[in-house]
Amino acid sequence: MAFDGIVIAGLADELNRTILNTKISKIAQPEADELLLTLKGGDAGQYRLAISANASLPFLYLTDDNKPSPMTAPTFCMVLRKHIANGRIVSVLQPDMERILRFEIEHLNEMGDMCRKTLVVELMGKHSNIIFCDGDGTIIDSIKHVSSAVSSVREVLPGKPYTVAATQEDKRSPLAVTAEEITRMLEGRPTTVCKAVYGSFTGVSPLIANEIANRAGIDGDQPVSSLSPEQLIHLSNHVQWFFEKIQNREFTPVIVRKGNVPVEFSAVELSMYQDCDTEKYDSISKVLEVYYAEKNSYSRIHQRSADLRRIVGTALDRCVRKYDLQTKQLADAEKREKYRLYGELINTFGYGLPEGAKELVAKNYYDNDREVKIPLDPELTPQDNAKKYFERYGKLKRTAEMLTDLTAETRAQIDHLESIQNSLDIAQQADDLVQIREELAESGFIKKGHGGKKLRTKSKPFHYISSDGYDIYVGKNNYQNDDLTFRFATGNDWWFHAKKMPGSHVIVKSKDGEMPDRVFEEAGMLAAYYSKGKDSPKVEIDYLQKKNVKKPAGSAPGFVVYYTNYSLTISPDISSLTLVE
């Protein structure tokens, strides 16, 4: 995640096209380090500008959402209301590609004279701040006060002159250099290409440095010293071309997702993420609003499901260890036929053995009379030695019969737990976790809740529309899988599932006439994507009509059997499919 100078440049361009000359009608401070300005005027009539100086999640974007404010406004909010309530935003500036936005605001003072104030928003990670300055650059107040005890470099206190936060002295604005200067700045740097680029220019993050290197066809992790003179010039040209587009305000706001998880955002296209889904937006504000909402939602669900993940992981580890032990014991039990043979051969050829013999060499009439050496207990008679081997054979036979059932039972538990793990990976909302918790309780992995009643949940299967207009449904968990397959689907609907791995049941509702091949492929993509193999380049999918799918009595939720099916191998790429909200 990079809230860098490129994103700020995109924001500055957007704000100059939208909120310039709007009036500040309302100022709120919903959080200790957050402002919400309501602006009136312009084409849209009203805007809300959300600004946060949160150390871990600073942001600034236009939004339609409102947030409740505290009953008593904080001091900083009261200062802003006193000075710039009903003020007019006359300019939005970004100095030298820094992560700073300056809002110049005109307002009337108590005497009715026109005055100008500046609201400076610094979006610099843990050093983020919102600083309110007089027309001469004197700090009136800030949302965070920084004393000399906190920073010896720059104080941010009322009455102090505002200065731009210090950046590295050897950094320059990428908008004010030529390709030749870029080459001189980069050559000889004892570091990687990526670090050399973002270490030379203001506002450039590692993300953008890697993107520029990727556009130049150069590995960002290779040393600068390994570049040929031609490669260095080629890289410098790409740096210049990139920032010429920024200077010309050629922005393409995007969010990059890996599956359902937002991975990155930027104000420009990110060609380096070829294996991810990229969604383009018309507004960088919308990108930021959507990205932060999705990121927070994903983090929140991951947190809420942490206890369930721990329970499932612990139970799965225990089952895997038990399964390994059982399969080893079963392999040992497979040796039982040897002991039955020893008993038979002793009974057949042991009549002439001398007393105290430690071994019998006999011909195995089951194996072309090949000689077999059979160890004997010299303290026992041949008959007792044979009896001992038959008893060992009988014990191992009973063990094998018991372990065969136990091993199958443990394997089924492992498959069940792995399917629940897959359901946890798919979950996107709190309601999605309710049925998973209920399934764990029904299966005895956690204690059941009081009352024994099933919890009502709003969670529903995913609903996609294929390119040819077919409805495709995807279960989010095993209960939904059962409902889709055995209650919702009709006999002629098509059923898809990843072969021999945990995954969702996918149902394609049939229509009159033959279903196009593309629908089979898209349903297969969904079955691959919502399976344990979603990160694989290709996944094998089984598919058949629902009427041929059966559920054994007493089997775990989501478990089915089928005996005839078609197969296809496909990539888990669902970017072309439309999810119905």
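All heavy atoms count here, side chains included; hydrogens, waters and symmetry mates do not.
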Which heavy-atom pair separates [X] from [Y] by the least distance, and what is that distance?
{"X": "Asp482", "Y": "Gly558", "answer": "OD1-N, 3.0 Å"}
{"X": "Ala12", "Y": "Gln94", "answer": "CB-CB, 4.4 Å"}
{"X": "Val254", "Y": "Val287", "answer": "O-CG1, 3.6 Å"}
{"X": "Cys194", "Y": "Asn210", "answer": "SG-ND2, 3.5 Å"}
{"X": "Ser266", "Y": "Leu207", "answer": "CB-CD2, 4.5 Å"}
{"X": "Tyr291", "Y": "Ile255", "answer": "N-CD1, 3.8 Å"}

Between [X] (side chain only) and [Y] (backbone N and O only), is there a donor and an acceptor less than 3.5 Å apart?
{"X": "Thr407", "Y": "Leu403", "answer": "yes"}
{"X": "Gln29", "Y": "Ala32", "answer": "yes"}
{"X": "Asp542", "Y": "Ser567", "answer": "no"}
{"X": "Thr192", "Y": "Lys195", "answer": "yes"}
{"X": "Ser25", "Y": "Thr38", "answer": "yes"}
{"X": "Lys551", "Y": "Phe559", "answer": "yes"}
{"X": "Thr327", "Y": "Asp324", "answer": "yes"}
{"X": "His497", "Y": "Gly503", "answer": "yes"}
{"X": "Asp468", "Y": "Tyr470", "answer": "no"}
{"X": "Ser504", "Y": "Gly475", "answer": "yes"}

In residues 57-69, what donor-acceptor pairs under 3.5 Å come from side-chain atoms, sequence neighbours left out?
unit_1 : atom_1 : unit_2 : atom_2 : d
Thr63  : OG1    : Asp65  : N      : 3.0
Thr63  : OG1    : Glu289 : OE2    : 2.5
Lys67  : NZ     : Glu34  : OE2    : 3.2

So do [Y] and [X] actually touch side chain to side chain, heavy atoms under 4.5 Å?
{"X": "Pro552", "Y": "Val561", "result": "yes"}
{"X": "Gln421", "Y": "Leu417", "result": "no"}
{"X": "Asp483", "Y": "Phe488", "result": "no"}
{"X": "Lys280", "Y": "Thr252", "result": "yes"}
{"X": "Leu288", "Y": "Phe3", "result": "yes"}
{"X": "Ile541", "Y": "Ile570", "result": "yes"}
{"X": "His505", "Y": "Val560", "result": "yes"}
{"X": "Phe496", "Y": "Ile472", "result": "no"}

Residue pair Ile208, Val268: steps toward the side chain to side chain contact (heavy atoms under 4.5 Å, CB included) verdict: CA-CA 9 Å; Ile208 293 300; Val268 295; 4.0 Å; yes

Does a sphere of radius 6.0 Å around [atom1] in [X] hold more than 12 heavy atoms from other residues, nucleotides or ligands, not counting ones at 6.0 Å or beyond?
{"X": "Tyr566", "atom1": "OH", "result": "no"}
{"X": "Lys26", "atom1": "NZ", "result": "no"}
{"X": "Asp282", "atom1": "CG", "result": "no"}
{"X": "Lys511", "atom1": "NZ", "result": "yes"}
{"X": "Lys509", "atom1": "NZ", "result": "yes"}

Pair Lys476 + Asp431, salt bridge at N-O below 4.0 Å: no

Between Arg17 and Asp13, does any side-chain N to carboxylate O distance fall below 4.0 Å? yes

Less than 3.5 Å apart, any donor N or O on the side chain of [X] or [Y] sitting next to an acceptor on the other?
{"X": "Asn492", "Y": "Ser510", "answer": "no"}
{"X": "Asp432", "Y": "Ser459", "answer": "yes"}
{"X": "Glu14", "Y": "Ser283", "answer": "yes"}
{"X": "Asn422", "Y": "Ser419", "answer": "no"}

Tell me, please, whether Tyr473 has Lys460 positioned over its six-membered ring: NZ or CZ under 6.0 Å from the ring centre and within 45 degrees of its axis? no

Phe462/Leu579 under side chain to side chain contact (heavy atoms under 4.5 Å, CB included): CA gap, chis, key distance, verdict: CA-CA 7 Å; Phe462 293 116; Leu579 177 63; 4.0 Å; yes

Paired with Asp425, the salt bridge (Lys or Arg N to Asp or Glu O under 4.0 Å) test is passed by just one of Arg309, Lys532, Lys534, namely Arg309

Mind checking the [atom1]-[atom2] spacing from [X] to [Y]? Nearest 0.5 Å is all I need.
{"X": "Leu37", "Y": "Ile19", "atom1": "CG", "atom2": "CD1", "value": "8.0 Å"}
{"X": "Ser423", "Y": "Gln435", "atom1": "OG", "atom2": "CD", "value": "9.5 Å"}
{"X": "Leu330", "Y": "Thr404", "atom1": "CG", "atom2": "OG1", "value": "5.0 Å"}
{"X": "Phe445", "Y": "Gln413", "atom1": "CZ", "atom2": "CD", "value": "5.0 Å"}
{"X": "Ile218", "Y": "Gln231", "atom1": "CD1", "atom2": "CD", "value": "5.5 Å"}
{"X": "Ile414", "Y": "Lys322", "atom1": "CD1", "atom2": "NZ", "value": "9.0 Å"}

Among Ile426, Val312, Asn477, exactly one meets side-chain contact (heavy atoms from CB on, under 4.5 Å) together with Ile436. Which residue is that? Asn477

Taking side-chain contact (heavy atoms from CB on, under 4.5 Å) as the definition, give me every residue that meets it alongside Thr578, ordered by chain and number, with sequence neighbours left out. none

Test side chain to side chain contact (heavy atoms under 4.5 Å, CB included) on Asp415 and Arg411; report intermediate values, then the result. CA-CA 6 Å; Asp415 292 341; Arg411 181 68 255 177; 3.0 Å; yes

Assess whether side chain to side chain contact (heavy atoms under 4.5 Å, CB included) is satisfied between Arg215 and Glu211, documenting all intermediate values. CA-CA 6 Å; Arg215 293 184 183 189; Glu211 173 62 20; 2.7 Å; yes

For Phe520, ring-ring contact (aromatic ring centres under 6.0 Å, His included) partners two or more places apart: Trp494, Tyr543

